[in-house]
Amino acid sequence: MNRIRAGLGAAAIAAITVLGAAALPNGAAVAGDTGLRSVARPTGVKIGTAVNMDALAADAPYQEAVGREFNTVTPENVMKWEVVEPTQGNYNWTQADQLVDFARAHGQAVRGHVLVWHSQLPSWINETAFTPAQLRDLLRQHIFAEMGHFRGRIWAWDVVNEAFNEDGTLRDTIWLRALGPGYIADAFRWAHQADPSAILFLNDYNVEGINAKSTAEYNLVRDLRRQGVPIQAFGIQGHLGIQYGLPGDVLQNLRRFDALGVKTAFTEVDVRMILPDDNIKTQAQAEGFGLMLRACLLVRHCISYTVWGFTDKYSWVPGVFSGQGAATPMDENLQPKPAYETLKQTFQLAG
Ligand code: 9MR
């Protein structure tokens, strides 16, 4: 069944219009679409990947696969504050601009990542150099500078990332300490002013199923929207590990956001395992990828599904979780694994 989705922002429709008949916003299959993007198109759910810009520049098969398989891209690192403003007032948009240009050339929407986070901050942002009032000003300026630079060219932004602890309390970060809990609402208000056409996300990990953290975020999104704060979407990162089992209530979790009229997306999906891999682990992994995509396709307002890298060649997992890896849908030689086939078949069933 073809479903027209409510998820297209004005910027996306404008971008599609620029591309003309090659990419109709009505969910029709498009000549020239290939790989996962061709099976995703009729469902209205975009398929995306995080992009490693060093690999995109140096690795031709990687670059070819990014263009062939995906219709949305997320910069894995190059829109983070430490990259775009390494010293105060000196901006470096080089690699981020390269990704935005690549996306435009390949008919892809860009998910901007990330504006407000406690991690990957430049070292000049700290609580000894600035007062709380100054930090508030700097955060506001950062949002306006970055969103302003890309205004109209970013489909969706991760505005606030990883703001909660596992128990549902707010994470103790430089932003909470300096600005108080209202920093989240402020960030969304500033972001909406800076680029009114972007879909604005609250984004987090360990919120796939229903738990204290996802419930706290659900409550916050609901309350902010009641107060008129411009927050349109909730991003579920989707970093799973098969050794923990797969969450059984992903669909129920998505449904409660859907019932609020809030858009959702899977924003950083990977499913890691304790190495070495084998057939049964690889099968469990495929189920993990599939269950999140299926849940996305079963609700009305889930707008995209992004993997956090599509090949094990560049995945962040082994560097952070010692002894774990093989977390993406393609191996180190960019050969598809069962997870890739599951994604393809799941889109085909829904399309
Ligand atoms: O994949 C990213 C890796 O290259 C960086 O070293 C790391 C630094 O924190 O960030 C990784 O991406 C993270 C993302 O920005 C936010 N959610 C968790 C991701 C994996 O750590």
Side-chain angles (χ1 to χ4, degrees), residues 48-59 62 66 70 72-86 92 95-96 98-99 110-123 125-126 142-143 146 150 154 156-166 170-171 173-175 184 187 191 200-208 213-214 217 233-241 244 247 264-273 285 288-289 292 304-330 332:
T49 184
V51 177
N52 175 322
M53 291 308 293
D54 298 330
L56 194 76
D59 183 336
Y62 177 92
V66 173
F70 302 101
T72 172
V73 288
T74 306
E76 184 169 357
N77 286 302
V78 300
M79 287 188 190
K80 291 171 180 174
W81 197 340
E82 69 173 5
V83 177
V84 300
E85 196 182 359
N92 179 359
Q95 288 188 300
Q98 282 166 1
L99 182 63
V110 181
R111 295 196 79 262
H113 176 82
V114 52
L115 295 167
V116 184
W117 196 23
H118 58 276
S119 184
Q120 290 182 280
L121 291 170
S123 56
I125 288 281
N126 63 70
H142 169 62
I143 290 173
E146 177 138 20
F150 296 110
I154 302 286
W157 268 107
D158 290 331
V159 177
V160 176
N161 194 37
E162 301 173 3
F164 282 82
N165 296 311
E166 303 308 298
L170 283 178
R171 187 193 285 265
T173 69
I174 185 171
W175 307 121
I184 298 178
L200 305 182
F201 275 79
L202 177 70
N203 192 54
D204 217 325
Y205 64 88
N206 285 353
V207 292
E208 291 70 34
K213 192 178 190 179
S214 63
E217 306 213 34
F234 182 57
I236 298 172
Q237 292 185 6
H239 295 291
L240 300 183
Y244 306 114
T264 47
F266 288 90
T267 56
E268 306 185 10
V269 177
D270 52 22
V271 184
R272 63 187 183 271
M273 61 187 70
Q285 172 182 62
F289 275 92
M292 289 188 273
S304 68
Y305 180 102
T306 290
V307 296
W308 206 241
F310 61 91
T311 163
D312 294 339
K313 193 170 179 183
Y314 301 112
S315 168
W316 68 289
V317 169
V320 172
F321 298 100
S322 166
Q324 298 183 45
T328 78
M330 291 188 190
E332 299 200 351

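Values reported hereafter were calculated over all heavy atoms of this structure, with side chains retained and with hydrogens, waters and symmetry mates removed. Positions are given from 1, in the same order as the sequence printed here. In listed order, ligands and their atoms are each counted from 1.
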M79 and its side chain to side chain contact (heavy atoms under 4.5 Å, CB included) partner, picked from D158, L115, V110:
V110
Taking every non-hydrogen atom, the tightest pair across E76 and A50
CB-CB, 4.1 Å
Are F321 and W316 close enough that their ring centres sit under 6.0 Å apart?
yes
Quick one: pull up OG1 in T267 and CH2 in W308 and give me the separation to the nearest 0.5 Å.
7.0 Å
Could you check whether N77 and Q95, counting side-chain N and O atoms only, form a donor-acceptor pair closer than 3.5 Å?
no
First locate atom OH of Y205, then atom CG of N161, and finally report the distance between them rounded to the nearest 0.5 Å.
9.5 Å
So which residues, sorted by chain and number, lie with a heavy atom under 4.0 Å of ligand 1?
E76, N77, K80, H113, W117, S119, Q120, N161, E162, Q237, H239, E268, W308, W316
